[in-house]
Q: 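Here it is, the structure in full.
Here the structure is a predicted model, which means the values were calculated and not measured. First the proteins, then the strands, lettered A, B, ... as listed; each starts at 1.
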Amino acid sequence: MACWLFKTEPAEFSIDQLAASPGGIARWDGIRNYQARNYLRDRVAIGDSVLIYHSSCKIPGIAGTATVVCSGYPDPAQFDPHSPYFDLKASPDNPRWFAVDIRFENRFANLLPARNLKKDPELSDMVLFSNGRLSVQPVTDRERQHILSLAKVSPGPA
DNA sequence: GCCAACGTTGGC
DNA sequence: GCCAACGTTGGC
């Protein structure tokens, strides 16, 4: 089982919206970056663990966890001319962008602020800090374990 | 709102 | 294929 960090702007789609989705399941779509696309298309698998990261908000950080319930498939939004994610150059025969489905697992009692995680020696190698703009990124098992242990002790905003 | 870092585009 | 110009991301 692999682990991933998915970034989202909570104003667009938050972990609460995920939790409120039918069955706690939602499509993770609208990813328009090739490196992230490659992960969604080729690597993200059913049963993988996901850390949900809130970005571009008051306190950016990890908000909770989810599980992958459907691996990569063409993102329907790319074919919809009314969608902000429409892509003129994509076609069903030759899809350019991919989505996965995830199911809500847990919302941390206290969000883990990125500025705290950044100071944590256990997490110094996280992709989050070397390529902060990548919206789908791999997380090592060690990083995941550490983050989950932090979430349990509920450190809260420092 | 600023700005640094990074990604994409397009002329050559 | 290079690289300058431009656009986007995202923390602050």
Side-chain angles (χ1 to χ4, degrees), chain A residues 2-19 21 26-44 48-66 68 72-102 104-140 142-144 146-148 150-151 153-158:
Chain A
C3 182
W4 307 94
L5 184 144
F6 287 6
K7 303 174 81 165
T8 181
E9 301 188 14
E12 296 296 318
F13 190 82
S14 69
I15 192 158
D16 291 326
Q17 282 169 270
L18 175 63
S21 300
R27 171 182 295 149
W28 205 261
D29 61 1
I31 301 297
R32 296 293 180 267
N33 166 281
Y34 287 105
Q35 198 179 346
R37 186 279 310 268
N38 292 345
Y39 284 134
L40 291 178
R41 186 188 59 189
D42 305 332
R43 298 291 178 86
V44 178
D48 282 0
S49 172
V50 177
L51 301 173
I52 302 295
Y53 181 92
H54 283 177
S55 67
S56 294
C57 55
K58 198 160 186 178
I59 304 177
I62 300 175
T65 61
V68 177
Y73 58 93
D75 180 352
Q78 69 193 305
F79 310 128
D80 175 6
H82 301 298
S83 167
Y85 300 117
F86 177 66
D87 187 336
L88 190 60
K89 292 177 181 168
S91 68
D93 284 349
N94 192 16
R96 179 179 288 200
W97 307 112
F98 284 72
V100 300
D101 292 348
I102 62 172
F104 173 77
E105 193 171 76
N106 182 36
R107 184 192 202 284
F108 293 163
N110 296 98
L111 176 135
L112 302 176
R115 67 168 178 276
N116 292 2
L117 302 178
K118 203 168 189 170
K119 290 183 289 190
D120 193 322
E122 295 283 317
L123 302 176
S124 57
D125 292 333
M126 280 192 80
V127 178
L128 185 61
F129 307 124
S130 56
N131 185 1
R133 307 199 320 161
L134 187 58
S135 56
V136 172
Q137 51 181 261
V139 175
T140 67
R142 193 169 139 278
E143 290 162 349
R144 173 172 174 271
H146 187 69
I147 287 163
L148 293 182
L150 291 177
V153 300
S154 302

Q: Apply side-chain contact (heavy atoms from CB on, under 4.5 Å) to residues A:I52 and A:I102 and explain how you reach the verdict.
A: CA-CA 10 Å; A:I52 302 295; A:I102 62 172; 3.9 Å; yes
Q: Send over the distance from A:K7 NZ to B:dC6 P, rounded to a whole Å.
A: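 So the two atoms are 12 Å apart, to the nearest Å.
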Q: If only atom types and distance count, is the side chain of A:Q78 paired as donor or acceptor with the main-chain N or O of A:W97 below 3.5 Å?
A: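 Present.
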Q: Nearest whole angstrom, please: distance from the C1' of C:dT8 to the CG of A:L134.
A: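 A:L134 atom CG is separated from C:dT8 atom C1' by 14 Å.
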Q: Which whole-number value in Å describes the distance from A:R133 CZ to B:dG7 P?
A: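 It is 6 Å, rounded to the nearest whole Å.
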Q: Please report the distance, rounded to the nearest Å, between CG in A:L128 and P in C:dG10.
A: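 Rounded to whole Å, this separation is 10 Å.
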Q: Roughly, in whole Å, what's the span from OH in A:Y53 to P in C:dT9?
A: 15 Å
Q: May I ask you to decide if A:R96's main-chain N or O and A:R37's side chain share a donor-acceptor pair within less than 3.5 Å?
A: yes
Q: A:R96 CZ to B:dT8 P: how many Å, rounded?
A: 10 Å
Q: Please report the distance, rounded to the nearest Å, between CZ in A:R32 and P in B:dT8.
A: 13 Å
Q: Would you mind reading off the distance between A:I31 atom CD1 and C:dT8 atom C1', rounded to a whole angstrom?
A: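 Value for this atom pair: 14 Å.
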Q: Between A:R32 and A:D75, is the closest basic N to carboxylate O distance under 4.0 Å?
A: yes
Q: Taking 4.0 Å as the cut-off, does a side-chain nitrogen or oxygen of A:Y34 come that near to OP1 or OP2 on B:dC6?
A: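 Result: no.
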